[in-house]
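Structure first, then comments.
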Amino acid sequence: MGHSAAVWDYRAATEITKDWNGIDQILLRTPRGSSARVSLHGAQVTSWRNEHGEELLFTSSKAIFKAPKSIRGGIPMCFPQFGNCGSLEQHGFARNRMWAIDENPPPLPGNDSSGKSFIDLVLKSSEEDMKCWPHSFEFRLRVSLATDGDLTLISRVRNINGKPFSFSFAYHTYLLVSDISEIRIEGLETLDYLDNLFKKERFTEQGDAITFESEVDRVYLSSPNIIAVLDHEKKRTFVIRKEGLPDVAVWNPWEKKSKSMVDFGDEEYKQMLCVDGSVIEKPVSLKPGEEWTGRLQLSIVPSSFCSDRLGLDRSGL
């Protein structure tokens, strides 16, 4: 069982190292051997491993590890824009900025640090940001790793501007899967979605689960707060729990799109799937002084736990 939580020093379990560009990255560890890495470049989670040391997030073998470009993989932060749905660069600028370690963050509601290895990061609007997006904000992110290996990201965006502003947001989560053709997502059935392959036209999901046979680029609307991604070959399931994130973006580029991306291998679409807790259809609006919170928790369970025991509420869908 490893160390007991009572004697495990969670601050000592947080280690700061340098990456390939000399940029600080934070390694979070648990007594059972799970780990996560977070880069100060983009506040991007670049690795999440279970207690057996197995990687759970996808990163492309052709990813470009050179700032200011964000890395193709892990969990980039899409803020203050998702995709190309505004005037900013694709997925906004937060994922391409240098963040700082927040040594004295405002307290989170409840005790969200008990028994966890965690790091707090902060991004504040710069003069460069104000030129393209003229709003003053503070974006705080806590990344924490629980003893059981669950990874939690809590984002808090505060308007310190003199006028209201709105934004869209996503945790652009690249899951590492065994074979995309063997994957199914439960929890999004019967929902309406916007299909980016058909000019954001609105459709209703007809399947009893989402499976993959071709390119998928969709935003599922008003989704439940728990979703399961079943990996049949690995006999395990990603469980995604979320709060403050009503939409779920689902993306796999498939063969043709993969070959057009310089930082993505031609065949790598088979081993990845993006399932993003997000706010896209109806952007968040904040008045001066207001704060928004969006929370994402990722867990891994044996597939035998799915789906009734996960509490995926069919009656409510």
Side-chain angles (χ1 to χ4, degrees), residues 34-37 44-63 71-76 149-151 170-189 191 193 195-197 203 205-220 223 226-242 248-278 296-310 312:
S34 302
S35 68
R37 285 187 187 275
Q44 185 166 343
V45 177
T46 58
S47 173
W48 173 40
R49 294 178 182 269
N50 64 17
E51 58 192 52
H52 306 297
E54 297 169 325
E55 182 60 60
L56 302 169
L57 298 178
F58 168 87
T59 299
S60 173
S61 64
K62 294 193 172 182
I71 299 159
R72 174 74 70 185
I75 310 178
D150 287 4
L151 179 68
Y171 292 110
H172 194 21
T173 307
Y174 285 79
L175 302 176
L176 181 63
V177 300
S178 56
D179 181 349
I180 188 63
S181 62
E182 298 283 330
I183 302 301
R184 54 189 281 134
I185 304 176
E186 297 189 0
L188 301 178
E189 49 275 21
L191 298 187
Y193 63 87
D195 196 326
N196 290 318
L197 302 180
F203 297 93
E205 180 58 52
Q206 303 295 329
D208 61 356
I210 298 169
T211 55
F212 299 88
E213 299 173 345
S214 59
E215 181 182 356
V216 172
D217 189 353
R218 300 173 182 172
V219 177
Y220 286 83
S223 61
I226 180 168
I227 295 151
V229 181
L230 288 72
D231 189 331
H232 177 71
E233 192 173 311
K234 286 199 183 308
K235 296 183 172 58
R236 71 184 182 196
T237 295
F238 290 95
V239 183
I240 300 170
R241 294 179 173 87
K242 58 190 181 65
V248 173
V250 178
W251 179 62
N252 182 285
W254 219 254
E255 193 170 5
K256 184 179 177 182
K257 177 73 69 64
S258 296
K259 290 178 178 176
S260 72
M261 294 189 288
V262 295
D263 59 349
F264 194 88
D266 290 357
E267 300 289 318
E268 287 185 328
Y269 71 91
K270 296 175 182 177
Q271 272 73 57
M272 60 74 65
L273 173 63
C274 285
V275 183
D276 308 350
S278 50
L296 181 77
Q297 180 182 334
L298 300 175
S299 311
I300 287 279
V301 299
S303 284
S304 56
F305 276 73
C306 283
S307 58
D308 297 337
R309 290 163 70 182
L310 286 174
L312 290 171

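Keep in mind that what you see is a predicted model, and the values were worked out from it rather than measured. Throughout, numbering of the chain's residues begins at 1 and tracks the sequence.
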Measure across [X] and [Y] and return the closest heavy-atom pair with its distance rounded to 0.1 Å.
X      : Y      : answer
Glu233 : Ser178 : CB-OG, 3.1 Å
Ile226 : Arg241 : CD1-NE, 3.8 Å
Ile75  : Leu57  : CG1-CD1, 3.9 Å
Gly187 : Leu191 : O-CD1, 4.3 Å
Ser34  : Gly149 : OG-CA, 3.5 Å
Thr59  : Thr46  : OG1-O, 3.8 Å

Find out whether [X] and [Y] are in side-chain contact, i.e. whether some heavy atom of one side chain is under 4.5 Å from a heavy atom of the other.
X      : Y      : answer
Ile300 : Glu54  : no
Ile227 : Lys242 : yes
Glu189 : Asp208 : no
Asn252 : Met272 : yes

Got a sec, which residues hit ring pair (Phe, Tyr, Trp, His ring centres under 6.0 Å) with Phe58, two or more places apart in sequence or on another chain? Phe264
Residue list, ring pair (Phe, Tyr, Trp, His ring centres under 6.0 Å) with Trp254, at least two apart or on another chain: Tyr269
Which residues pass the side-chain hydrogen bond (donor to acceptor under 3.5 Å, both in side chains) test with [X], sequence neighbours left out?
X      : result
Glu255 : none
Tyr193 : none
Asp150 : Gln297, Ser299
Asp179 : Ser181

Gap separating the [atom1] atom of [X] from the [atom2] atom of [Y], nearest 0.5 angstrom:
X      : Y      : atom1 : atom2 : result
Ser60  : Gln271 : OG    : CD    : 11.0 Å
Cys274 : Leu175 : SG    : CG    : 7.5 Å
Leu230 : Ile183 : CG    : CD1   : 8.0 Å
Thr173 : Asp276 : OG1   : CG    : 5.5 Å
Asp266 : Met261 : CG    : CE    : 9.5 Å
Asp231 : Phe238 : CG    : CZ    : 7.0 Å

Listed partners of [X] passing salt bridge (charged side-chain N to carboxylate O under 4.0 Å, His left out), at least two apart:
X      : result
Glu267 : Lys270
Arg184 : Glu186
Lys234 : none
Glu215 : Lys257

Got a sec, which residues hit side-chain contact (heavy atoms from CB on, under 4.5 Å) with Val250, two or more places apart in sequence or on another chain? Ile185, Leu188, Phe212, Val216, Tyr220, Val248, Leu273
Can you sort out the partners of Ser278 under side-chain contact (heavy atoms from CB on, under 4.5 Å), two or more places apart, ordered by chain and number? Ala170, Asp247, Ala249, Ile280
Electrostatic pair Glu268:Arg72 at N-O distance under 4.0 angstrom: no
